[in-house]
Amino acid sequence: MFNRIVAQNFPFIVISDCRYPDEVEYAKLLGAKTVRLTRNPFGGSHKAETSLDDYPDFDFVIDNEKMTQEEKGADLVKWLQEIGWIQ
C-alpha cells in the first residue's frame, strides 16, 4: 500500500486502519500525520486490535469513546486546519 501511495504522489491520503507500530512509524517516515481514535466498539483483545493502545507517538488523539460521528469529525477538521493541511 505504501509503495502505491508514494508512486502515485497523491497530495492527501487517508489510511483508516493501521494496526501495528511499524505501520505507523513507516507512515510517519513518509511524512504522514497520525491520529488515534480511542474507541474500541467491539471490545477486541487480539494483538491486531490492541498493539497501538500504548503507542506514545501519535500526532493527535481523539478520545471518541462518548462522541458522535459529527463531534469526532469536527475535532479532526479543527486539528487539520490548525496544522495547515486544510482550510
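Residue numbers run from 1 in the order of the sequence given.
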Next item on the list: Could you give me the CA-CA distance, side-chain angles and deciding distance for R36 and D53, then say whether salt bridge (Lys or Arg N to Asp or Glu O under 4.0 Å) is met?
Entry: CA-CA 9 Å; R36 167 78 169 162; D53 285 355; 2.6 Å; yes
Margin query: Using a 3.5 Å distance criterion without hydrogens, assess whether the side chain of D59 forms a donor-acceptor pair with backbone atoms of T34.
Written below: yes
Note to self: Within a 6.0 Å radius of atom CG on D57, are there more than 12 heavy atoms belonging to other residues, nucleotides or ligands?
What the structure shows: yes
Checklist line | Verdict with supporting geometry, R39 and D63, salt bridge (Lys or Arg N to Asp or Glu O under 4.0 Å) | finding: CA-CA 7 Å; R39 187 170 152 241; D63 183 1; over 6 Å; no
Next item on the list: Give me the other members of the hydrophobic cluster that Y55 sits in, counting Ile, Leu, Val, Met, Phe, Trp and Tyr linked by side-chain heavy atoms under 4.5 Å, directly or via other members.
Entry: V24, L52, F58, V61
Next item on the list: For the pair E23 (side chain) and R19 (backbone), establish whether a donor and an acceptor sit closer than 3.5 Å, ignoring hydrogens and angles.
Entry: yes
Next item on the list: Would you mind reporting whether I5 and L30 have side-chain heavy atoms less than 4.5 Å apart?
Entry: no
Notebook entry, point to check: Looking only at heavy atoms, what is the nearest atom pair of E71 and K66, with distance?
Noted result: OE1-O, 4.1 Å
Notebook entry, point to check: If you draw a 6.0 Å radius around CD in Q69, do more than 12 non-hydrogen atoms from other residues or ligands fall strictly inside?
Noted result: no
Next item on the list: Please step through side chain to side chain contact (heavy atoms under 4.5 Å, CB included) for the pair V35 and L76, ending with a clear verdict.
Entry: CA-CA 9 Å; V35 178; L76 181 60; 4.0 Å; yes
Next item on the list: Measure the spacing between CD1 of I62 and OG1 of T38 and express it to the nearest 0.5 Å.
Entry: 9.0 Å
Note to self: Quiz question: by atom type and distance under 3.5 Å, do the side chains of K78 and Q81 form a donor-acceptor pair?
What the structure shows: no
Next item on the list: Measure up the W79 and F60 rings against each other and bin them: parallel (under 30°), tilted (30 to 60°), perpendicular (over 60°).
Entry: parallel
Notebook entry, point to check: Any idea which heavy atoms bring D75 and M67 closest together, and the distance?
Noted result: OD2-CE, 2.8 Å
Next item on the list: Measure the SG-CE distance between C18 and M1 for me, rounded to the nearest 0.5 Å.
Entry: 5.5 Å
Next item on the list: State yes or no: do L29 and Y20 share one hydrophobic cluster built from I, L, V, M, F, W and Y residues joined by side-chain heavy-atom distances below 4.5 Å, directly or via other members?
Entry: no
Check: Taking the side chain as C-beta and beyond, is there a heavy-atom pair between V6 and Q8 under 4.5 Å?
Finding: no
